[in-house]
Structures are given as structure tokens and as C-alpha cells.
Amino acid sequence: MNYQKPRGTQDILPSESKKWQYLENEIRKITNLYGFGEIRTPIFEHTEVFKRENDSSDVVNKEMYTFTMNKTSLTLRPEQTASVVRSYVENKLYGVSELPLKLFYIGPQFRHERPQKGRLRQFHQFGTEILGARNPFLDVECIALGYTLLQKLGLKSLKVLLNTLGDKESRETYRDALQKHFSPVIHEYCEDCKRRLDQNPLRILDCKVDKEHLYTKNAPQIEDYLNEESKNYFEQVKQGLETLNIPYEIDSRLVRGLDYYCDTVFEVVSTSEALGSQSTIFGGGRYEKLTEYYGGPETPAVGFGMGLERVLLALELENPSLITEEGIEAYVMCLSKDLQHKAFKIVQDLRAAGFRVQGDYFSRSLKAQFKSVDKTSAKFAIILGNKEDENQSVNIKEIATQNQDSVKYSEINNYMKLKLGGN
RNA sequence: GCGAUCGUGGUGAAGUGGUUAACACAGCGGGUUGUGGUCCCGUCAUGCGUGGGUUCGAACCCCAUCGGUCGCCCCA
């Protein structure tokens, strides 16, 4: 029997987890600046939380990790917006919170898809949700937060794609227009599109199969069906981005997968090679019917989800020197088995004083232990052998200068403090 | 769900039917008994993802299966 991790999962090993910690730190810093509080929801939920009835989306209900325990159907979260909104309603946050409520999350999500570059079965997302206010500045704030974060990390080849789906009224008018437009020729379209015609004709627009179809190319544009309110709203979003000097492109094909979106939708893609065909780094938009589904009051909201694996992929190519390995401060070498206890004590005393210290665990030769000094990039080698022990002292060698001092046991910590400062 | 391609030691890899699985790096030991990073020597895969099959004989051929990589679909 040999054990392998399940397909599409990964072990994040220390060299890699360092990058994760760095990224998560930056996320915590910026969300803190923007006034977002962290929400941690369960990794699994009742299946109904994700499998919404009356949802005409193509995707919900597919590719989920669902299992049954004691006749209860549970599902590993494939996204977190649903969980956050469920939590918002369940905890009646609309009543106790100062609105708008700004939340963020970081964590693993699960989708049963075929792995490829930038796509795993267990992957990680950072996301935000702003609940309880309909204001174009909040849409802009979302985009700005994500965009600024990526810029700060050193990503350059970013492109902001923007579109509006209009408010409910505009959407319905537009939807009717699309249905009228496509109906006569729908038999020329793919099976998915035939279904979309009734369920969600907007999605025909970004269908990959039929994107070259004449009727797709000259389909009615949403701009022409926006009512004054929606037009105005979108205008303010655009102006907001311009005020912040965030370049964007209008992409009228941008629809996003779920049909609970309304008004602003956006996607930030990387044009770098690093991401292969999965180029979206974060995407999201405004929604307002989701809270009602979970039994809460109608609540306008806006949010995005960001794929952290993709951020890391892009980072590797565009800013590989972001995280530097830091050496330890001292390596304690022990040259005699009889002295291991003393060496161990020295290690622990230095650690207690706040120094990063390692020791030898194999009773290896002097040569081998010096190699460890190199590999750990230790600033000092502390050498303890019988000769030194006779004088109740150790030799401390500064690697950079090759200088070596004899230091009494009782003075080791003071010596190191003097050399390394602080603590 | 579909397609392409790959899977040999800690790492990078050679080997594509015939006795002891090349080489390099790392590791460990040694080169005058305790001062390394260069150099030299020695040592390091009873096994070639896993399970079957073909064959006198398989890492090499066949089947299945699990995984990696990339693409399609999709991307909540």
C-alpha cells in the first residue's frame, strides 16, 4: 500500500508556508486598514446552503463534495459568500451591527474539478463581503482593496474588467430583449445555450462555444437597457475608479457565473504567463437577493473572492524575491557525548533570551557540524568540547569575520546580547 | 466530464526486453587524534507509482488503477 494525497490537494511545506504566512499577513494588514473584521465560518455546511433552489445558475449543484452523516446532507464549502450570508442572517447581524458590515475571510474551499495550473480541488480564497448598503463607493472600495493589495505585493500585469448588469428592472428589460434576440436562432446554439435562453440568457453572451456566432456579436448591449438609476450608479463606480487612478476596461461580456449578481460586476485578471489559462485573480460583484434566500431581510451587498494559489503563482514569476530566508543566530556544536546536556542547556538558555538557536542532534563530526552552521546560515558557531569544558567555557566564532572568543558559560548570554544587540 | 503527456534513490536524471539500475548533487564516513564551506577517496535504490498479465527473462511490452503536469469544459 502506498499513500498519496488525494488528487488536487497539496501539502504546503515549510518553505512554501512562509509565503502563505507573508501573504496572509499582508491581507490582515490591509483589511484592518479598511475596517474589515474577520469571519470564520464552518468548512462544511448543510448542503442546502450551497445548493440553492430556484437558482438558475449553471454551476451551483455541480462539483461539490457532499456527504451524508446521520441522514443529514453536508457539503464542503465550494465558496464562502453563501456561508457568510447564511451567518449574517443566522446571527441577525443586520440588527446588531453598525452598517455596512464589512467582513473578510481566508480559508480553504473545495470543488471537485480536474486540476490544472491555478486550479486545485482544495484551494484557498481570501474574500470580502460588505453587507447592508448600496453605495457605489463600496463597490469601488472592494476593487481598490484587492487591487492595492496585489500592487503592494509587487504584481504588475493586472487588468480590471468591469461591467454592470443593472438593477432588477433593467435586468428584466434586458433579459427580455436578449430572449427576443436569440429565440429565432437558438437552434444554432449549443445545448447549454438552449437551456440558458430561458434560465439566464445573459450567460449566452459569454458562452465559449458560440462566441463567434453572429447573433452573439451583435446582441443587444446592456448599456442600452439600463434605467436612469442603474446608469447613474454605474457612472459613479467608474468615476470612483478614475478618482483613485485605477485603470479599468469595460467588458460587456462579463456576466459572472451566478445569477444573484446585479449592478456592478468585476474581475481582475493577470496578463502574465504565470497563470496559464486560469488568469482571474479575483472577481466579484454586487448582489442583493441572497440574504432573503436564507430568511433575512433584503440586504444590498458587494464582495469578491480572490484565489490565493493564483496570487502566489503570479508572485513567483513577477516578484520572486519577496520572501527572503533568514538564517539563525547561533548554532551550538557539541564535540563530546558527555557534554550533550551542557550543550542542550546552552541552546535552551539562548532561546529563553530570545535568540534563534539550533544544536546538533547526531553527535556528528566537527566537520559535519560546521556544514550545518553553513546550511542554517548561522551568524555564530558556539563550540563546546572537552578542552573548553575544562575552563567552564565555550568558543564562540563569528562566521562573517572568522573571529573567535573564549567565553565563560555564565557569560554566553551576555556575550551574544552584546554581539547581536537587543533582547 | 473530455483530451494530451509523464511517474526510476533525499534531489536532478540515464537506461526502452537479458546477468551487479549509469552519472551528478545532497547525505554519511575518512584524508594525522577538534575549526567547516574547495579538493580527493569510500559509502548510499533487493528496486524503477500501484496491481495484474505476456515472456525462459521486464524499469523497459500489454491491461487496469492511482497520481503529477498542461489544455478543453466550467469557474459559485
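Keep in mind it's a predicted model, so treat the numbers as computed, not measured. Order of the sequence lines fixes the chain letters, A, B, ..., with proteins taken first and strands second; residue numbering starts at 1 for each chain.
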Which value, in whole Å, describes the distance between the [atom1] atoms of nucleotides [N] and [M]?
| N | M | atom1 | result |
| --- | --- | --- | --- |
| B:rC74 | B:rA13 | C1' | 37 Å |
| B:rU50 | B:rA4 | P | 24 Å |
| B:rG49 | B:rU5 | C1' | 16 Å |
| B:rG7 | B:rU16 | C1' | 15 Å |
| B:rG10 | B:rC28 | C1' | 13 Å |
| B:rG37 | B:rC25 | C1' | 16 Å |
| B:rC60 | B:rC6 | P | 15 Å |
| B:rU38 | B:rA45 | C1' | 30 Å |

Nucleotide nearest [X] when distance is taken to its side chain, options [options]:
| X | options | answer |
| --- | --- | --- |
| A:Tyr261 | B:rG27, B:rA76, B:rU35 | B:rA76 |
| A:Ser277 | B:rU35, B:rG27, B:rG71 | B:rG71 |
| A:Leu366 | B:rC73, B:rG68, B:rU35 | B:rU35 |
| A:Gln4 | B:rG7, B:rC28, B:rG34 | B:rG7 |
| A:Arg310 | B:rC72, B:rG34, B:rC75 | B:rC75 |

Is any side-chain nitrogen or oxygen of [X] closer than 4.0 Å to OP1 or OP2 of [N]?
| X | N | answer |
| --- | --- | --- |
| A:Ser365 | B:rG34 | no |
| A:Arg119 | B:rC73 | no |
| A:Arg114 | B:rC74 | no |
| A:Arg111 | B:rC75 | no |
| A:Gln116 | B:rC70 | no |
| A:Arg203 | B:rA76 | no |
| A:Thr81 | B:rA76 | no |
| A:Lys5 | B:rC66 | no |

What is the distance from [atom1] of [X] to [atom2] of [N], rounded to the nearest Å?
| X | N | atom1 | atom2 | answer |
| --- | --- | --- | --- | --- |
| A:Arg253 | B:rC74 | CZ | P | 14 Å |
| A:Phe266 | B:rA76 | CZ | C1' | 14 Å |
| A:Asp11 | B:rG67 | CG | P | 14 Å |
| A:Glu63 | B:rG1 | CD | P | 9 Å |
| A:Arg286 | B:rA76 | CZ | C1' | 19 Å |
| A:Asn386 | B:rU35 | CG | P | 14 Å |
| A:Leu339 | B:rG34 | CG | C1' | 12 Å |
| A:Arg121 | B:rC75 | CZ | P | 17 Å |

Please determine, for [N], whether a Watson-Crick or G-U wobble partner exists with both distances under 3.5 Å, and give it or none.
| N | value |
| --- | --- |
| B:rU38 | none |
| B:rG67 | B:rC6 |
| B:rU33 | none |
| B:rA45 | none |
| B:rU20 | none |

Residue whose closest nucleotide on RNA chain B lies nearer the 5' end, A:Gly276 versus A:Arg7:
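This one resolves to A:Arg7.
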5′-ward residue of the pair A:Pro115/A:Val373 relative to RNA chain B
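In this pair, the answer is A:Val373.
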Is A:Lys159 salt-bridged to A:Glu267, cutoff N-O under 4.0 Å?
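Looking at A:Glu267 together with A:Lys159, the answer is no, because their closest N to O distance does not fall below 4.0 Å.
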Should [X] and [Y] count as side-chain neighbours, where that means a heavy-atom distance under 4.5 Å?
| X | Y | value |
| --- | --- | --- |
| A:Leu153 | A:Val311 | yes |
| A:Tyr34 | A:Thr128 | no |
| A:Thr216 | A:Arg253 | yes |
| A:Asp405 | A:Tyr415 | yes |

Give a yes or no on whether a donor-acceptor pair under 3.5 Å exists between the nucleobase atoms of B:rG31, that is its base, and the side chain of A:Lys367.
yes
Using a heavy-atom cut-off of 4.0 Å across all strands, would you classify [X] as base, sugar-phosphate, or nothing?
| X | result |
| --- | --- |
| A:Gly118 | nothing |
| A:Ala82 | nothing |
| A:Lys117 | sugar-phosphate |
| A:Gln404 | base |
| A:Arg256 | sugar-phosphate |
| A:Glu388 | base |
| A:Lys375 | sugar-phosphate |
| A:Gln80 | nothing |
| A:Gly305 | nothing |
| A:Gln402 | base |

Please identify which of these residues, A:Arg86, A:Gln125, A:Glu129, meets the side-chain hydrogen bond (donor to acceptor under 3.5 Å, both in side chains) condition with A:Thr81.
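Option passing the side-chain hydrogen bond (donor to acceptor under 3.5 Å, both in side chains) with A:Thr81: A:Glu129.
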A:Arg364 backbone acceptor or donor facing A:Asp360 side chain under 3.5 Å:
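Present.
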Assign the ring pair A:Tyr215 / A:His181 to parallel, tilted or perpendicular, where the plane angle (0 to 90°) is split at 30° and 60°.
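Tilted: the ring planes of A:Tyr215 and A:His181 meet at 30° to 60°.
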Look at the rings of A:Phe304 and A:Phe282 and say which category their plane angle falls in: under 30° parallel, 30 to 60° tilted, over 60° perpendicular.
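A:Phe304 vs A:Phe282 ring planes: tilted.
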Could you tell me if A:His124 and A:Gln109 have a donor-acceptor pair between their side chains, going purely by distance under 3.5 Å?
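A:Gln109 vs A:His124: no donor-acceptor pair found between side chains.
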